[in-house]
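Let me begin by presenting the structure, written as structure tokens, before commenting on it.
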Amino acid sequence: MKNKTNESTKQEDLNGNKSDAGGQFLTTNQGVKINDNNNSLKAGERGPSLLEDFILREKITHFDHERIPERIVHARGSAAHGYFELYKPLAKYTKAGFLNDTSIKTPVFVRFSTVAGSKGSTDLARDVRGFSVKFYTQEGNYDLVGNNMPVFFIQDAMKFPDLIHAVKPEPHNEMPQAASAHDTFWDFISLMPESMHMIMWAMSDRAIPRSLRMMEGFGVHTFRFINSNNESHFVKFHWKPKLGTHAVVWDEAQKISGKNSDFHKQDLWEAIEGGNFPEWELGVQLIAEADEHNFDFDLLDPTKLVPEELVPVTIIGKMILNKNPDNFFAETEQVAFHPGHVVPGIDFTNDPLLQGRLFSYTDTQLSRLGSPNFHEIPINRTVAPMHNNQRDGHMRQEIAKGRVSYHPNSLGGGCPFQAKIEEGGFASFNERVDAQKVRERSESFSDHFSQATLFFNSQTPVEQGHIIKALRFELGKVETEAIRIRTLGLLSQIDTKLAEKVAEGLGMEVPKALEKPMNHGVGADADSNKQEPKVVKKSKITASDALSMLKNKTISDTIATRQVAFLCNDGVSSASVNEMKNALEKAGAKVKIIAPHLGTITASEGNAIPVDQSYLIAASVLFDAVFVPAGKGTTALKDNNDVIEFINDAFKHCKFIAAEDEGLHVLAKTNAAKDGKNADAGVLTNEQTHKKFPQSFVTAMGNHRFWEREEKI
């Protein structure tokens, strides 16, 4: 019989609505009261998480099985096949075979994804992007399951279901989809100071990449490399894109979602189909076991990164994606990644978020793919020989012969045998664990603001402005004022001017003192109403160029695969079109002819020019730059509203724009010109550059955007 809650125990929420939540305690599904819902059970505050933690297992098990068959998180994804090549052997650090043999190409399957949205949501949501790589090595499958950001929102896996529940559409009305700009997400964040570093990343342009091919990837956690002498080094993984790191702006992202919600998926597919194979270099940050505690942050804290100024990234190999899936469902949907899929030479640390993931992923596959035999699905099969005594189960495909299915045995000759370490048998790192069982978090995890400040300080003024606008947008969608106040208080701990600028956009003031964020002490012994003090450690690094997309040394000035719109009409000059087109295509860019109708248009020279898209279909946000060619017929475009809007949008989004001869008459009707002259150096004309006109446009596009324009706009 359920207990009834008296009217006197009803409490009001922040909007004044009464609920029956008053006087209730958190319990397990068996009714056992929970003393600590913030920390998993560990062997010591920095030790490994324990399998006996029934509260963690129940909470995550229930969470993993909430949706079928779509992934609960990372539901919307794109993927491709490829290979990994090693530059030089790493025997000093790891005995992993694929990291020691430069003669082999290790097959890979890579899946990119958004996190919060459903399978049918848009590619251009402001969100973290999953970046997961399955290496089919000769020693078994190794999965590097990461994101395009090197840190995460939470420190302990116990909070993962809460984080995702908060960011998902609100349960009473299932809105909004694939968006964090709503009350429940920011309510959670405003009570979780540990999230503030990740919030800086999520509010930056990293959350709205121009292409999946133009974003970095990270392993997020600190892992271990183990060499043949059983010596350990801590390792952080980095993927550096050949095309550099680039993004769109938020207004552009919203418009792309309306014009083509498959923008990233289509971009990746077409690049590979066209032979423009995406490429990343794999880098590692290596830290000796003896140096574990030599930093002003904890290596086991997944909300922290290791600045490249402290530990440089060593490039060890490259990955090229050269084949699209043959069947989206069979491969992209059914691929099963797992951070616990490791090979000898790679091992785990006691990162409490990673420890929870090691349990969660297998449990998720059982729910989503419906069988313990998910490893037999072709996309998940190892290329290494597979022999064990596991049998039967739903959808079993392997036909095991013989009467023996146990070990040890004599009837089967003792097969399959255990492998010695020197024969390639996996052995966990012999780490000493001697501690009491506790639900606590190490004091070394308590600094929630210094790296958030480091990230913000590392951005260019343009990028800082984007973060401020993103926060204004997100918090502007939050209806509960108390949540906005709490968040502004946390932002003030990162940077005073940041908080003031965000508050200005909300018509509010920054609070003088922090509200009462969640205390992460030990359950009922902790005062949940006690204000958590600001803990900021002095860092040796005050800014890092590697954290800025515009200053990042991986940025490339190539315009390979960039999309350029040629705005055309009957009577356009084919000479003008061809000269610019040849220059752009020589540099690797892709040209699309846009005209009032499909089919062909007639050039002023009398020849027919095939049309790629009509103005009804095309949109500026789907292109990287715009060119208005010469030709008497071009002049008529100045009265075409679609053309004017196209150029105005390109100008607003800081894209490079070029026009030749009669094309200048079209520019004169847009924001890209004033009194018949170009508005800024990001608008190029043949009057300025003469014979170097096409090459000047190519060179300008190598800068990605003309960001100097943004402040004027």
Side chain to side chain, Cys654 and Arg709, heavy atoms closer than 4.5 Å
yes
Ser576 side chain near Asp661 side chain, heavy-atom distance below 4.5 Å
no
If we ignore hydrogens and angles and just use 3.5 Å, is the side chain of [X] paired with the main-chain N or O of [Y] as donor and acceptor?
| X | Y | answer |
| --- | --- | --- |
| Lys551 | Ser458 | yes |
| Asn141 | Asn380 | yes |
| Asp143 | His341 | no |
| Lys134 | Ile379 | no |
| Asp127 | Ala116 | yes |
| Arg562 | His704 | no |
| Gln695 | Ala583 | no |
| Glu252 | Val249 | yes |
| Arg126 | Ser180 | no |
| Asn457 | Ala543 | no |

Contacts of [X] that satisfy side-chain contact (heavy atoms from CB on, under 4.5 Å) - sequence neighbours left out:
| X | answer |
| --- | --- |
| Ala608 | Thr600 |
| Ser118 | Glu70, Ser121, Gln177 |
| His238 | Phe218, Lys236, Lys240, Gln285, Glu308, Val313 |

Go through the steps to decide whether Gln459 and His466 satisfy the test side chain to side chain donor-acceptor pair (under 3.5 Å), and finish with yes or no.
CA-CA 10 Å; Gln459 307 305 300; His466 291 173; over 6 Å; no
Please collect all salt bridge (charged side-chain N to carboxylate O under 4.0 Å, His left out) contacts where either partner lies in residues 198-214, sequence neighbours excluded, each pair once.
Arg206-Glu216, Arg210-Asp267, Arg210-Asp624, Arg213-Asp267
[X]: partners by side chain to side chain donor-acceptor pair (under 3.5 Å), with sequence neighbours left out:
| X | value |
| --- | --- |
| Asn100 | none |
| Asp649 | Lys255 |
| Gln451 | none |
| Ser113 | His74 |

Would you list the atom pairs, donor with acceptor, under 3.5 Å between side chains in residues 80-87 and any protein atom, with sequence neighbours excluded?
{"unit_1": "His81", "atom_1": "NE2", "unit_2": "Glu331", "atom_2": "OE2", "d": "2.5"}
{"unit_1": "Tyr87", "atom_1": "OH", "unit_2": "Glu281", "atom_2": "OE2", "d": "2.7"}

Quick one: [atom1] on [X] to [atom2] on [Y], what's the gap to the nearest 0.5 Å?
| X | Y | atom1 | atom2 | result |
| --- | --- | --- | --- | --- |
| Asn324 | Leu268 | CG | CG | 6.5 Å |
| Glu474 | Ile199 | CD | CD1 | 8.0 Å |
| Phe646 | Leu567 | CZ | CG | 5.0 Å |
| Phe98 | Gln138 | CZ | CD | 12.0 Å |
| Asp570 | Leu637 | CG | CG | 10.0 Å |
| Thr685 | Leu667 | OG1 | CG | 8.5 Å |

The residue among Thr122, Thr114, Asp123 that forms side-chain hydrogen bond (donor to acceptor under 3.5 Å, both in side chains) with Arg76 is Asp123
Using ring centroids (six-membered ring only for Trp), state whether [Y] and [X] fall under 6.0 Å.
| X | Y | result |
| --- | --- | --- |
| Trp280 | Phe131 | yes |
| Phe337 | Phe109 | no |
| Trp239 | Phe112 | no |

Check the surroundings of atom CD in Glu711: do more than 12 heavy atoms from other residues, nucleotides or ligands lie under 6.0 Å from it?
no
Does Lys323 have more than 12 heavy atoms from other residues, nucleotides or ligands lying within 6.0 Å of its NZ?
yes
Which atom names give the shortest non-hydrogen contact between Ala125 and Ile208, and what distance separates them?
O-CG2, 4.2 Å
Who pairs with His653 by ring pair (Phe, Tyr, Trp, His ring centres under 6.0 Å), at least two apart in sequence or on another chain?
none
Tell me, which pairs form a side chain to side chain donor-acceptor pair (under 3.5 Å) where one or both residues lie in residues 603-622, sequence neighbours left out?
Ser573-Glu605, Ser574-Glu605, Ser574-Asn607
Parallel, tilted or perpendicular: ring planes of Phe697 versus Phe627, cut at 30 and 60 degrees
tilted
Apply side chain to side chain donor-acceptor pair (under 3.5 Å) to residues Ser548 and Glu463 and explain how you reach the verdict.
CA-CA 8 Å; Ser548 163; Glu463 292 168 305; 2.6 Å; yes
List for me each residue that meets salt bridge (charged side-chain N to carboxylate O under 4.0 Å, His left out) alongside Glu660, sequence neighbours excluded, and say none if there are none.
none
